[in-house]
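Only one structure is covered here, and it is reproduced in the block below.
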Amino acid sequence: MALAGSGSMDEGKGETFLLKAIKIGGVVALYWFISITMVFLNNYLLDSKDLDAPLFVTFYQCLVTVGLCYGMHLLSHLCPGVIDFPSVKFDLKVCREVLPLSIVFIGMITFNNMCLKHVGVAFYTVGRSLSTVFNVLLSYVILKQTTSFYAILCCGVILGGFWLGVDQEGVAGSLSWTGVFFGVLASACVSLNAIFTKRVMPAVDGNIWKLSFYNNINACILFLPLILVFGEVGHLVHFSRLGDPTFWGMMTLGGVFGFAIGYVTGLQIKFTSPLTHNVSGTAKACAQTVIAVVYNQSSKSFLWWTSNLMVLGGSSAYTWVKGMEMKKVHIPQEESKEKLLGEKSGAGV
C-alpha cells in the first residue's frame, strides 16, 4: 500500500541532504513507534487476568486485517489519485494455494503471542531470538542451502546469548519455561513462514498485500475450530468486559497496528535498504527491552543485559555478514556481464 505520488527515492535527487535525512529519520521513527507500541499493546491484551483467550485475541486481529485490506481496496477505487492498493477479490482457488502458508502463519502469530503472554516484553527479544538460527538450519534442511563459517559463528553468539538469558531469568526467579517453549516454536515458524512465502507468492501475483488478505482470511477460518477446541468460548461468555467499548477499541487498535506494521516495514526498506532495516529492527528491539525494564521498574543483572547484547550483537553481525556475501556474489556477476558486453562489442568491430 502507498499513497499515490509518494514516489521513490530516485525521484528526490534534487532534495537537500538535510531534507532526505529528515524524511529517513521520520520513517524510521514511525517504524519504531508502530512496532514498539504494537508489542506493548499485545502484551496488555494478552496479560489480562479476566480474559484467558489468546487465540480469540489473535483471531480478532486477523479479522481486523481482512477488513482493513478490503477497506483499502474500496478506497483505492473511490480515490484512485490518492490511494494505491491492489484488488483483493475473494478467490477460493487462491485460498487453497495459500493454505499451507496460512497454517504456518497461524503457528507463527499464535506462538508469538503466547511467548509474549508468558515472558513479558523485557525478555521477549531473547525469548524470540532463535529465528536467525532456524533460518540457517531450515534453509539447509529444506532448501539445501549452505551457510558460511562466519554466519554460523554469529548464530553461535545468538545461541549463547539465548541460553545465558534463560539462565539469568532462572536465577532471578522469573523464568517461564512455557514462554521459552513458545518462543522457540515462534522462531521456527518465522523461518518456515519466510520459506513458504516465497513458494506461494506466484499465486497472488507477487503482491504482498494480496497475500496478507488471503492469509488472514484462511487464518480467521482456521482459528474458529481452535477457539472451540481449547475452550475459549467459555472464557468469552463469562468475560465481564465483553460489552465494554474500551475493550473492543483496544482490540481493534491492536489489529490496526498489526496491519500498519506491514506498511511501515515496506516504507522503511524503501527509504533506506533491507540491511539498514534489519539494523534498525535490532536497535528497536534494544530500545524496546530498555523501555520495558524501566516501565516495570525491574532490576536486571549484568549477565542478563549481557545476554541481550549477545543476541542483538549476533543478529546484527549475521545481517552484516550476509550483506557482504551478497555483495561478493553481485559484483562478479556485474563484472562478467560487462566482460561479455565488451566481447560482443569487440566481435562487432
Pair listing, salt bridge (charged side-chain N to carboxylate O under 4.0 Å, His left out) test, anchored in residues 99-108, at least two apart: none

All pairs passing side chain to side chain donor-acceptor pair (under 3.5 Å) where residues 144-161 contributes a residue, at least two apart: S148-E325

Sidechain-backbone polar pair: S307 side chain, W304 backbone, donor-acceptor under 3.5 Å: yes

Joint cluster assignment, W163 & I152, ILVMFWY side-chain distance < 4.5 Å: no

4.5 Å side-chain heavy-atom contact, F162 and V184: yes

Donor + acceptor pair across side chains of Q168, S301 (<3.5 Å): yes

Set of ring pair (Phe, Tyr, Trp, His ring centres under 6.0 Å) partners for F105, sequence neighbours left out: none

Check: L99 and L222 side chains under 4.5 Å, non-hydrogen atoms: yes

Check: M201 and V204 side chains under 4.5 Å, non-hydrogen atoms: yes

Cluster check L312, V136: I/L/V/M/F/W/Y, side chain < 4.5 angstrom: no

Listed partners of L74 passing side chain to side chain contact (heavy atoms under 4.5 Å, CB included), at least two apart: Y70

F223 vs I109 side-chain heavy atoms within contact, under 4.5 Å: yes

Donor-acceptor pair, side chain of E232 and main chain of F56, under 3.5 angstrom: yes

Heavy-atom neighbours of F230 CZ exceed 12 at 6.0 Å: no

Closest non-hydrogen atom pair between W209 and Y263, with its separation: CH2-N, 3.7 Å

Salt bridge (charged side-chain N to carboxylate O under 4.0 Å, His left out) contacts touching residues 160-172 (sequence neighbours left out): E169-K300

Within one Ile-Leu-Val-Met-Phe-Trp-Tyr cluster: V28 and V290, side-chain cutoff 4.5 Å: yes

Trace of the side chain to side chain contact (heavy atoms under 4.5 Å, CB included) decision for N216 with S212: CA-CA 6 Å; N216 281 278; S212 179; 3.4 Å; yes

Donor-acceptor pair, side chain of N43 and main chain of V39, under 3.5 angstrom: no

Heavy-atom side-chain proximity of L153 to F149 below 4.5 angstrom: yes

For H238, all residues meeting ring pair (Phe, Tyr, Trp, His ring centres under 6.0 Å), sequence neighbours excluded: none

I103 backbone acceptor or donor facing N218 side chain under 3.5 Å: no

Minimal non-hydrogen separation, V119 against G179, with atom names: CG1-CA, 3.5 Å

Qualifying salt bridge (charged side-chain N to carboxylate O under 4.0 Å, His left out) pairs with a residue from residues 66-80, counting only residues at least two apart or across chains: none

Transitive ILVMFWY side-chain link L309 to L130, under 4.5 Å: no

Heavy-atom pair of closest approach, residues V126 and G165: CG1-CA, 4.2 Å

Partner set under side chain to side chain contact (heavy atoms under 4.5 Å, CB included) for T37, not counting sequence neighbours: F33, F257

Y214 OH to S102 OG distance, which is reported to the nearest 0.5 Å: 11.5 Å

From CG (N193) to NZ (K198), nearest 0.5 Å: 11.5 Å

Side-chain heavy atoms of V121 within contact of V293, under 4.5 Å: no

Side-chain donor or acceptor of N296 paired with backbone N/O of A292 under 3.5 Å: yes

Residues that, via side-chain heavy atoms closer than 4.5 angstrom, fall in one hydrophobic cluster with F111: M114, F181, F182, L185

From D47 atom CG to L116 atom CG, the distance as rounded to the nearest 0.5 Å: 8.5 Å

Side chain to side chain contact (heavy atoms under 4.5 Å, CB included) between M310 and T306, worked out: CA-CA 6 Å; M310 286 177 69; T306 301; 4.2 Å; yes

Side chain to side chain contact (heavy atoms under 4.5 Å, CB included) partners of I291, counting only residues at least two apart: I36, F40

Separation between CG of L45 and CE of M251, rounded to the nearest 0.5 Å: 6.5 Å

Spacing of SG belonging to C62 relative to CZ belonging to F259, to within rounding of 0.5 Å: 13.0 Å

Shortest non-hydrogen contact between P100 and E97, atoms and distance: CD-O, 3.5 Å

Min side-chain heavy-atom separation T110-L226 under 4.5 Å: no

Side chain to side chain contact (heavy atoms under 4.5 Å, CB included) partners for D205, two or more places apart: K210

Side chain to side chain, N308 and C286, heavy atoms closer than 4.5 Å: no

V104 to C189 - nearest heavy-atom pair and separation: CG1-O, 3.5 Å

Verdict with reasoning, K117 to D52, per side chain to side chain contact (heavy atoms under 4.5 Å, CB included): CA-CA 10 Å; K117 176 182 174 67; D52 184 20; 3.5 Å; yes

Under 3.5 Å: donor-acceptor pair, side chain of S316, backbone of G313: no

Residues which pass ring pair (Phe, Tyr, Trp, His ring centres under 6.0 Å) with Y60, listed by chain and number, not counting sequence neighbours: W248

Backbone of Y31 reached by a side-chain donor or acceptor of S35 within 3.5 Å: no

Trace of the side chain to side chain contact (heavy atoms under 4.5 Å, CB included) decision for I34 with L30: CA-CA 6 Å; I34 295 290; L30 181 63; 4.2 Å; yes

Which atom of A151 lies closest to which atom of K322, heavy atoms considered: CB-CD, 4.4 Å

Common cluster, M38/F123, ILVMFWY with side-chain heavy-atom separation under 4.5 Å: yes

Polar side-chain atom of S191 near backbone of S131 as donor-acceptor pair, under 3.5 Å: yes

Distance, nearest 0.5 Å, that separates NE2 of H73 from CG of L78: 9.5 Å

Whether over 12 other heavy atoms sit under 6.0 Å from F90 CZ: yes

Exercise: do W305 and T289 side chains pair donor with acceptor under 3.5 Å: no

